[in-house]
Amino acid sequence: MGSRFHQLSLIETVGSRATFREITRTAASDGEELHPWMVRMLSKHRCNLGLYVAEAGAITDEGDEIDADLWLAWDGVAAFSTTE
């Protein structure tokens, strides 16, 4: 199975191209859901207005295996748009 992780990235657009800039990647703590972890990390890293994606998965022999993601528009205080 491999070790579990959560990763948070900022989605930036330049022209018609979108890029993902990693903010943080941590070992997933048992029992913490992706959404609360994401909100906690956005607050901790003082992230402001932007579109972010959090991913949960496992590191396997073949590389990362993502099994959940959460896209969230964030205004520095609360999510104003989410898609799972």
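If you read the sequence from its start, that first residue is 1, and numbering goes on from there.
Scanning all heavy atoms of the two residues, the minimum distance from Ile59 to Asp64 falls at CG1-OD1, 3.8 Å. Nearest heavy atom pair, residue Ser43 against residue Trp74, reads OG-CZ2, 3.9 Å. Among all heavy-atom pairs drawn from Ser9 and Glu22, the shortest one is OG-CA, 3.8 Å.
Here Arg40 pairs with Glu32 under the side-chain hydrogen bond (donor to acceptor under 3.5 Å, both in side chains) rule; sequence neighbours left out. In this structure Ala54 satisfies the side chain to side chain contact (heavy atoms under 4.5 Å, CB included) test together with Leu8, Leu34, Trp37, Met38, sequence neighbours excluded. Remark: Ala18 pairs with Ile11, Thr13 by the side chain to side chain contact (heavy atoms under 4.5 Å, CB included) rule, at least two apart or across chains. Taking Glu12 as the reference, Arg21 meet the side-chain hydrogen bond (donor to acceptor under 3.5 Å, both in side chains) condition, with sequence neighbours excluded. When the side-chain hydrogen bond (donor to acceptor under 3.5 Å, both in side chains) test is applied to Arg46, no partner is found at least two apart in sequence or on another chain. Under the rule for a side chain to side chain contact (heavy atoms under 4.5 Å, CB included), the partners of Glu62 that lie at least two apart in sequence or sit in another chain are Thr60.
Distance check, rounded to the nearest 0.5 Å: CD of Glu55 to NE2 of His6 gives 11.0 Å. Taking CG of Leu10 as the start and CG of Leu51 as the end, the distance is 8.0 Å to the nearest 0.5 Å. Here CZ of Arg4 is found 4.5 Å from CG of Asp67. Values are rounded to the nearest 0.5 Å. In this structure, CZ on Phe5 lies 3.5 Å from CD1 on Ile66, to the nearest 0.5 angstrom. The CE atom of Met41 sits 14.0 Å away from atom OH of Tyr52, with the distance rounded to the nearest 0.5 Å.
Looking at heavy atoms from C-beta onward, Leu72 lies in side-chain contact with His35 at the 4.5 angstrom threshold.
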